[in-house]
Amino acid sequence: MRVLLVGAGGVGTAITRIAARRPFFDLMVVADFDPARAETAVAALGADGARFRAGRVDASDEGAVTALLERHGCDVLLNATDPRFVMPLFRAARDAGATYVDMAMSLSRPHSEKPYEECGVKLGDEQFAQAGAWEEAGALALVGMGVEPGLSDVFARYAADELFDVIEEIGVRDGADLTVDGHGFAPSFNIWTTIEECLNPPVVYERDRGWFTTEPFSEPEVFDFPEGIGPVECVNVEHEEVLLVPRWVDARRVTFKYGLGREFVDTLRTLHLLGLDRTEPVTVPGPDGPVRVSPRDVVAACLPDPATLGGRMRGKTCAGTWVRGVKDGAPREVYLYHVVDNEWSMTEYGCQAVVWQTAVNPVVALELLARGAWTGTGVLGPEAFPAGPFLELLTAYGSPWGLREQ
């Protein structure tokens with residue numbers, strides 16, 4: 001396997017450090033718009049970096065990405081950029097005949113008249129619209145293969161195959177007790193993506209109704225997270241699992257709720273109130289005349305890079321899937337989860353917990369594809385593949401998962 005990794009930020013860098021310890025690939029080309037970031041990621045591997053190359057690419061330039069894939073003979077494109085670049089990278093992989101893997105799907109657009117009732121363009125719609133062409137070509141696009149979406153979807157498939165006869169509800173629940181010394185507001189993940197998913201209308205799935213939307217931060221509930229994290233208030237947030245799980249797993253209801261915390265929610269509401277979540281450029285004065293700039297990009301530039309926060313971060317992060325249903329005629333309720341302690345991920349890999357937890361899952365998936373344990377054609381989510389091999393290999397990577405009867 002020869003992999004083109006596009007994006008050398010926090011998650012991309014963590015991917016290189018995890019993959020460097022595994023023998024399943026021959027080459028990984030690490031490419032970024034800023035070549036210095038790619039070079040730094042590769043140089044940090046030291047003696048383990050012999051199978052890595054650094055390069056530059058503009059993720060929005062499909063022709064350049066396709067040419068880079070062909071130049072290095074890469075048969076897989078792993079997208080570690082933000083969701084704005086999903087579609088050009090998705091199309092570039094198809095043009096080059098490469099397998100495509102991402103951790104977030106094509107962007108949504110709210111319904112023009114009823115944004116908090118009906119779906120407009122849903123997450124992943126643009127990709128699934130091309131599923132037939134991928135299948136016809138015998139090619140695979142594995143979409144939503146991070147931690148959430150990704151591992152959470154694997155948990156949903158495992159529950160359906162191994163733990164339940166009938167599933168009433170699947171609810172992805174994400175929570176943490178992470179703090180960052182010296183920062184009152186310091187998101188542990190890309191702020192561009194955080195704003196996108198938190199301020200868009202959340203999507204809920206119900207079998208009798210299909211997909212529909214609610215207002216941001218709706219239906220608050222307190223969920224008790226394992227391994228000492230404890231109770232955290234969670235709210236509805238737009239996320240790919242709700243769009244992916246029902247395609248392959250039979251459940252009456254599917255939701256995604258994020259443990260953001262009241263202060264975080266209030267900050268995001270303020271950004272929205274001031275229009276600082278907007279992506280459309282506005283004109284501002286500059287030393288050499290007016291400048292067009294995206295308010296959301298300004299917010300991102302003013303906040304610390306999540307990849308640099310690990311040394312000041314304390315605590316654990318938990319990603320998991322809560323499932324309620326029936327097994328052998330009796331009610332059952334479980335929470336399948338994966339916890340990463342920031343102290344461990346920093347000591348072992350030099351990466352903060354949230355980016356490491358996101359990065360490990362696509363590497364596991366790549367290894368399963370390389371082994372032939374996962375195969376398929378078309379545009380497929382993690383639920384389309386058997387969960388057992390994935391969970392076994394994740395444990396073999398030194399990061400076991402857990403199951404709690406509720």
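Predicted model, so just to flag it, every value in this text is computed and none were measured. The figures that follow rest on heavy atoms only: side chains count, while hydrogens, waters and symmetry mates do not.
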Starting from the C-alpha separation in whole Å, work towards a yes-or-no answer on side chain to side chain donor-acceptor pair (under 3.5 Å) for Tyr335 and Glu405.
CA-CA 6 Å; Tyr335 182 59; Glu405 297 281 350; over 6 Å; no

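- Rounding to the nearest 0.5 Å places SG of Cys318 at 7.5 Å from OH of Tyr337.
- The backbone N or O of Thr395 sits nowhere less than 3.5 Å from a side-chain atom of Glu392 that would complete a donor-acceptor pair.
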Tell me, with the steps shown, if Thr358 and Asn361 meet side chain to side chain contact (heavy atoms under 4.5 Å, CB included).
CA-CA 6 Å; Thr358 303; Asn361 294 288; over 6 Å; no

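- Note that CG of Leu243 is 7.5 Å distant from CD of Glu238, once rounded to the nearest 0.5 Å.
- Contact detail for Pro216 and Leu199: the closest heavy-atom pair is CG-O, 3.6 Å.
- The backbone N or O of Asp26 sits nowhere less than 3.5 Å from a side-chain atom of Arg2 that would complete a donor-acceptor pair.
- Rounding to the nearest 0.5 angstrom, the gap separating the CG atom in Asp224 from the CZ atom in Arg404 is 5.5 Å.
- Ionic pairing of Asp277 and Arg296 is not present here: no N-O contact between side-chain nitrogen and carboxylate oxygen is shorter than 4.0 angstrom.
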Side chain to side chain contact (heavy atoms under 4.5 Å, CB included) between Leu163 and Val323, worked out:
CA-CA 9 Å; Leu163 305 179; Val323 187; over 6 Å; no

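- None of Thr99, Val6, Ile15, Val30 except one satisfies the side chain to side chain contact (heavy atoms under 4.5 Å, CB included) rule with Leu78; the exception is Ile15.
- Here the two rings, on Trp322 and Phe155, have centers that are 6.0 Å apart or farther.
- A salt bridge links Arg22 with Glu367: the distance from a Lys NZ or Arg NE/NH1/NH2 to an Asp or Glu carboxylate oxygen falls below 4.0 Å.
- Between Tyr158 and Phe390, the distance from one ring center to the other does not fall under 6.0 angstrom.
- Asp153 places no side-chain N or O within 3.5 Å of a backbone atom of Glu241 that could act as its donor or acceptor partner.
- A cation-pi contact, defined as under 6.0 Å to the ring centre and within 45° of the axis, is absent between Arg324 and Phe164.
- The CG atom of Leu68 sits 6.5 Å away from the SG atom of Cys74 when rounded to the nearest 0.5 Å.
- Ring geometry for Trp356 against Trp344 counts as perpendicular: the plane angle is over 60°, on a 0 to 90° scale with 30° as the lower cut.
- Between the side chain of Thr66 and the main chain of Gly63, no donor-acceptor pair closer than 3.5 Å is present.
- Applying side chain to side chain contact (heavy atoms under 4.5 Å, CB included) to Leu4 and the options Leu89, Leu27, Val65 leaves one that passes, Val65.
- Under the 4.5 Å side-chain criterion, counting only non-hydrogen atoms from C-beta, Phe212 is not in contact with Val203.
- Note on ring orientation: taking the six-membered ring where Trp is involved, the planes of Phe256 and Tyr258 are perpendicular (angle over 60°, cut-offs 30° and 60°).
- Between Asp297 and Arg84 there is a salt bridge, since a side-chain N of the basic residue sits under 4.0 Å from a carboxylate O of the acidic one.
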Under 3.5 Å, which donor-acceptor pairs do the side chains of residues 126-148 form with other protein atoms, sequence neighbours left out?
unit_1, atom_1, unit_2, atom_2, d
Gln127, OE1, Ser106, N, 2.9
Gln127, NE2, Asp102, OD2, 3.0
Glu148, OE2, Gly320, N, 3.3

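- Under 4.0 Å is where a charged nitrogen must lie from a carboxylate oxygen, and between Lys316 and Glu343 no such pair does.
- No side-chain donor-acceptor contact under 3.5 Å links Arg252 to the backbone of Ile167.
- Using a 4.0 Å cut-off between charged nitrogen and carboxylate oxygen, Glu240 and Lys122 do not count as a salt-bridge pair.
- Looking at heavy atoms from C-beta onward, Pro382 lies out of side-chain contact with Arg157 at the 4.5 angstrom threshold.
- Partners of Asp250 under the side chain to side chain contact (heavy atoms under 4.5 Å, CB included) rule, at least two apart in sequence or in another chain, are Arg207.
- In terms of modelled atom types and a separation under 3.5 Å, the side chain of Asp32 and the main chain of Pro35 share no donor-acceptor contact.
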Checking Thr13 against Val11 for the side chain to side chain contact (heavy atoms under 4.5 Å, CB included) test, could you report, in this order, the C-alpha distance in whole Å, the side-chain angles of both residues, the deciding distance, and whether it holds?
CA-CA 5 Å; Thr13 296; Val11 173; over 6 Å; no

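- Residues Arg253 and Glu168 are not paired through a salt bridge, judged by the lack of any N-O separation under 4.0 Å between the basic side chain and the carboxylate.
- Proximity of a side-chain donor or acceptor of Thr213 to a complementary backbone N or O of Pro115 within less than 3.5 Å is detected.
- With hydrogens and angles ignored, the 3.5 Å screen pairs a side-chain donor or acceptor of Asp165 with a backbone N or O of Asp328.
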When you look at Arg314 and Thr179, which way does the side chain to side chain donor-acceptor pair (under 3.5 Å) test go after all the steps?
CA-CA 5 Å; Arg314 307 284 179 269; Thr179 59; over 6 Å; no

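- Residue Gly259 comes nearest to Val232 through the heavy atom pair CA-CG1, 3.7 Å, listed as atom of the first residue, atom of the second, then distance.
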Steps toward side chain to side chain donor-acceptor pair (under 3.5 Å) verdict (Glu219, Thr214)
CA-CA 9 Å; Glu219 299 182 0; Thr214 70; 5.9 Å; no

Can His338 and Ser399 be said to form a side chain to side chain donor-acceptor pair (under 3.5 Å), step by step?
CA-CA 8 Å; His338 183 249; Ser399 191; 2.6 Å; yes

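- Using a cutoff of 4.0 Å between basic side-chain nitrogens and carboxylate oxygens, Glu383 and Arg247 are not scored as salt-bridged.
- In this structure a side-chain-to-backbone donor-acceptor pair under 3.5 Å is present from Ser345 to Cys351.
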Would Phe225 and Val339 satisfy side chain to side chain contact (heavy atoms under 4.5 Å, CB included), going step by step from the backbone distance to the final call?
CA-CA 10 Å; Phe225 289 91; Val339 171; over 6 Å; no

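- With Arg332 contributing its side chain and Lys327 its backbone, the two residues share no donor-acceptor pair below 3.5 Å.
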